[in-house]
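These notes are about the structure you will find just below.
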Amino acid sequence: MDLNEKSQANVEYMIEQIKSKLRMATAAAMQASAFSVNQYDDIYDLYEMVVGKQNLSISEVEAVVSELGRLRG
């Protein structure tokens, strides 16, 4: 998958990967389709940070979830 291409499919892929990495209890409530390609760069940055870390602290998870909430359309 070429994440350099700004597409809705890539946005949804990154959101699903972030949710998987976070093991979010409320992941089902956060639909990847609720995110717009207009926020692609912000989502990509968040994705890179999340998948690049071996483990996330509780405060990091909370910050990521908060940011996802802000980016959701």
Side-chain angles (χ1 to χ4, degrees):
M1 177 164 278
D2 180 12
L3 295 179
N4 292 317
E5 179 184 333
K6 294 182 180 182
S7 69
Q8 187 63 36
N10 283 348
V11 166
E12 292 179 15
Y13 170 81
M14 290 186 291
I15 295 298
E16 291 300 327
Q17 293 302 305
I18 291 169
K19 287 174 16 181
S20 175
K21 179 80 175 196
L22 297 181
R23 295 182 198 94
M24 291 173 56
T26 60
M30 189 170 293
Q31 298 295 323
S33 59
F35 294 86
S36 169
V37 73
N38 293 333
Q39 286 93 18
Y40 190 90
D41 293 327
D42 292 329
I43 294 168
Y44 183 78
D45 290 342
L46 196 58
Y47 167 80
E48 286 285 299
M49 189 276 295
V50 169
V51 298
K53 291 190 146 235
Q54 184 77 18
N55 296 305
L56 294 166
S57 70
I58 292 171
S59 61
E60 288 173 320
V61 170
E62 289 173 350
V64 169
V65 170
S66 175
E67 185 65 12
L68 286 172
R70 186 185 71 77
L71 293 171
R72 189 172 29 189

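The residues of the chain are indexed from 1 along the displayed sequence. What's counted below: heavy atoms across the whole structure, side chains too, no hydrogens, waters or symmetry copies.
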Under the rule for salt bridge (Lys or Arg N to Asp or Glu O under 4.0 Å), what residues qualify as partners of D41, not counting sequence neighbours? K6
In chain order, what residues pass the salt bridge (Lys or Arg N to Asp or Glu O under 4.0 Å) check against E62, with sequence neighbours excluded? none
Would you check if V64 and K21 make a side-chain contact, meaning some heavy-atom pair closer than 4.5 Å? no
Side chains of L3 and Y40: closer than 4.5 Å at any heavy-atom pair? yes
Atom pair [atom1] ([X]) and [atom2] ([Y]), whose distance is rounded to the nearest 0.5 Å:
X: I18; Y: L46; atom1: CD1; atom2: CG; answer: 4.5 Å
X: E60; Y: N55; atom1: CD; atom2: CG; answer: 9.5 Å
X: I15; Y: L71; atom1: CD1; atom2: CG; answer: 7.0 Å

Between [X] and [Y], which heavy-atom pair has the shortest distance, and what is it?
X: A34; Y: R72; answer: CB-CG, 3.6 Å
X: R70; Y: D42; answer: NH2-OD2, 4.1 Å
X: A32; Y: E16; answer: CB-OE2, 3.4 Å
X: I43; Y: F35; answer: CD1-CB, 3.9 Å

So, the side chain of N10 versus the backbone of N4: is there a donor-acceptor pair under 3.5 Å, distance only? no
Should M14 and Q17 be marked as a side chain to side chain contact (heavy atoms under 4.5 Å, CB included) after you check the CA-CA gap, both sets of side-chain angles, and the distance that decides it? CA-CA 5 Å; M14 290 186 291; Q17 293 302 305; 5.6 Å; no
